[in-house]
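All figures in this text were calculated on a predicted structure; none of them were measured in a lab. Just so you know, ligand 1 is whichever comes first in the structure, and atom 1 is the first atom listed for that ligand.
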Amino acid sequence: MTIIENADLLKYNTFRLSAKARRLVIYDNVEELVDYLQGHREENLLPIGQGSNLLFTGDYSGTVLVSNMKNVWHDEDLWTAESGVVMDELIEQTILAGYGGLENLSHIPGVVGAAAVQNIGAYGVELKDTVEKVDALYVPEMKVVTLTKEDCRYGYRDSFFKHQKTGTFIVLSVSFRLSQHSELRLDYGHLKTEIEGEPTPLKVREAVVKIRRNKLPEVSEIGSAGSFFKNPFVSVEQFEKIRSQYPNVPSFEQSGMIKIPAAWMIEQCGWKGRQMGGAAVYENQPLVLVNRGCATSKDILALSEAIQKSVKEKFGVQIEPEVVFI
Ligand code: EPU
């Protein structure tokens with residue numbers, strides 16, 4: 001276990017913003033985590049992964065908890081990975097062992113624990129599609145609980161965990177039901193056209209990595225937190241109103257609601273590639289805000305608010321951040 005007082009969080013957020021935590025605790029197993037928490041009962045706990053979906057708006061006055069639990073095992077097609085395993089490394093490992101199901105989620109930054117809280121999704125697949133159960137530490141009673149997929153109440157970039165006070169549940173491990181004969185999901189965008197010959201989980205993974213490399217900034221090179229906003233859902237009536245003015249508006253029907261890509265609306269508002277202070281709208285995918293190297297959290301907040309305002313004015317739609325503000 002590593003404990004750092006007054007810790008610099010620069011390495012713990014992919015936006016590469018400077019912020020401090022009163023304390024940072026990196027634990028290697030659940031016993032260490034429990035020991036630490038029993039010895040330090042405190043209110044403000046913030047479990048984070050690699051900070052790939054966070055915006056620190058200032059210093060954090062509590063304790064940031066980082067899992068360094070990295071075991072992976074499987075019992076036939078039930079694969080379990082501990083919270084600190086890098087999601088993309090798990091995906092590669094499962095595919096190389098002949099198991100499909102996670103390939104569409106390739107190259108998404110972050111670790112398993114955060115992925116299960118966030119219900120990461122890409123190219124027509126969400127984490128919840130393969131999650132079987134999540135083991136978590138329920139901090140108020142300091143006991144390990146098992147949540148089924150249903151208990152996790154997954155929705156679009158949403159879960160039960162996101163509605164609890166942070167630090168109430170700390171994800172320890174996630175079990176995925178994978179398959180050696182999984183059905184491939186190739187219906188999103190031009191994924192299919194990127195694959196030559198008979199598709200396999202490995203080919204899907206390679207195609208997804210290629211598409212993401214072209215469209216999205218590498219968090220190792222440019223500070224960002226992936227999509228900054230969620231794609232909004234509007235009613236059919238509101239959609240028809242928008243379409244009467246903008247006949248080319250892209251849309252996806254889902255359970256009676258219409259999803260409009262926020263990227264399209266942001267582009268229509270003229271934001272693509274624009275910069276405010278050190279923060280900018282990424283030129284290849286305007287749903288992503290980036291740190292041009294010298295951004296402060298204030299720059300990013302100002303840019304995001306300006307974008308929200310113009311989308312609201314032009315389309316009457318309120319877009320909400322996907323990134324969690326701390
Ligand atoms: N579009 C534009 N201009 C652009 C880019 C996109 O108008 O410059 C429009 C197009 O109509 C396009 C549509 O937006 O068809 C969708 O674009 P894309 O396929 O890139 O996906 P997205 O809806 O913008 C979502 C996820 C991504 C995920 C991709 C692929 C959210 C918030 N984002 O983006 O997830 O990789 O789909 O499945 O749902 C993330 O969550 O951090 C993330 C990157």
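- Atoms of ligand 1 lying under 4.0 Å from any heavy atom of K272, numbered from 1 in the order shown and given with element: 4 (C), 8 (O).
- Close to ligand 1: R212, with a non-hydrogen atom less than 4.0 angstrom away.
- Contacts between Y156 and ligand 1, counted as non-hydrogen atom pairs separated by less than 4.0 Å, involve the side chain only.
- Under the 4.0 angstrom criterion, atom 44 (C) of ligand 1 counts as having a protein heavy-atom contact.
- Of all protein heavy atoms, the one closest to atom 7 (O) of ligand 1 is W264 CA, 3.2 Å.
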Would you please test S106 and R205 for side-chain hydrogen bond (donor to acceptor under 3.5 Å, both in side chains) and show each step? CA-CA 6 Å; S106 293; R205 170 175 170 76; 3.0 Å; yes

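- Within the structure, the closest approach of P286 to ligand 1 falls below 4.0 Å when heavy atoms are considered.
- Each of the atoms 9 (C), 13 (C), 14 (O) of ligand 1 lies under 4.0 Å from some heavy atom of P261.
- Contact between A81 and V72 at its shortest, heavy atoms only, is CB-CG2, 4.2 Å.
- The aromatic rings of Y156 and F233 sit perpendicular to each other, their planes meeting at more than 60°, with 30° as the lower class boundary.
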(message) Please evaluate residues R22 and E42 with respect to the criterion salt bridge (Lys or Arg N to Asp or Glu O under 4.0 Å), reporting the C-alpha separation (whole Å), side-chain torsions for both, the decisive distance (0.1 Å), and the verdict.
(response) CA-CA 12 Å; R22 193 174 55 74; E42 63 168 294; 3.1 Å; yes

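- In this structure, the protein non-hydrogen atom closest to atom 38 (O) of ligand 1 is Y123 N, 2.6 Å.
- F160 and F169 have perpendicular rings, their planes meeting at more than 60° on a 0 to 90° scale where under 30° would count as parallel.
- Using a 4.0 Å cut-off between charged nitrogen and carboxylate oxygen, E240 and R243 count as a salt-bridge pair.
- If you number the atoms of ligand 1 from 1 as listed, the ones under 4.0 Å from a heavy atom of E267 come out as 2 (C), 3 (N), 4 (C), 7 (O), 8 (O).
- For atom 36 (O) of ligand 1, a protein heavy-atom neighbour is present inside the 4.0 Å cut-off.
- Here the heavy atom of the protein found nearest to atom 20 (O) of ligand 1 is Q285 NE2, 2.9 Å.
- Protein heavy atom closest to atom 34 (O) of ligand 1, with residue, atom name and distance, is L287 CD2, 3.9 Å.
- Which of E126, E322, R157, K230 comes nearest to atom 26 (C) of ligand 1 through a heavy atom is settled by distance: it is R157.
- W264 and F315 have tilted rings, their planes meeting at an angle from 30° to 60° on a 0 to 90° scale.
- Atoms of ligand 1 found under 4.0 Å from any heavy atom of G226, numbered from 1 in the order shown, are 42 (O).
- Here the heavy atom of the protein found nearest to atom 6 (C) of ligand 1 is A263 CB, 3.6 Å.
- Looking at residues two or more places apart in sequence or on another chain, you find a side-chain contact (heavy atoms from CB on, under 4.5 Å) between R213 and H107, V209, E218.
- Residue-ligand proximity, F229 to ligand 1, at heavy-atom distances under 4.0 Å covers atoms 32 (C).
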Could you go through S67 and S83, starting from their C-alpha distance and side-chain angles, then the distance that decides it, and tell me whether this counts as side-chain hydrogen bond (donor to acceptor under 3.5 Å, both in side chains)?
CA-CA 6 Å; S67 164; S83 48; 2.7 Å; yes

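- Checking side-chain atoms of Q50 against main-chain N and O of G110 turns up a donor-acceptor pair under 3.5 Å.
- The proximity of A122 to ligand 1, defined as any non-hydrogen pair under 4.0 Å, involves the side chain as well as the backbone.
- Judged by distance alone, the side chain of K20 and the main-chain N or O of L9 form no donor-acceptor pair under 3.5 Å.
- No option in K230, K162, R157 other than R157 meets the salt bridge (Lys or Arg N to Asp or Glu O under 4.0 Å) test with E322.
- Summary of contacts: the protein heavy atom closest to atom 11 (O) of ligand 1 is P250 CG, 3.3 Å.
- Counting protein heavy atoms only, atom 42 (O) of ligand 1 is closest to S227 N, 2.8 Å.
- Considering only non-hydrogen protein atoms, atom 19 (O) of ligand 1 sits nearest to Y188 OH, 2.7 Å.
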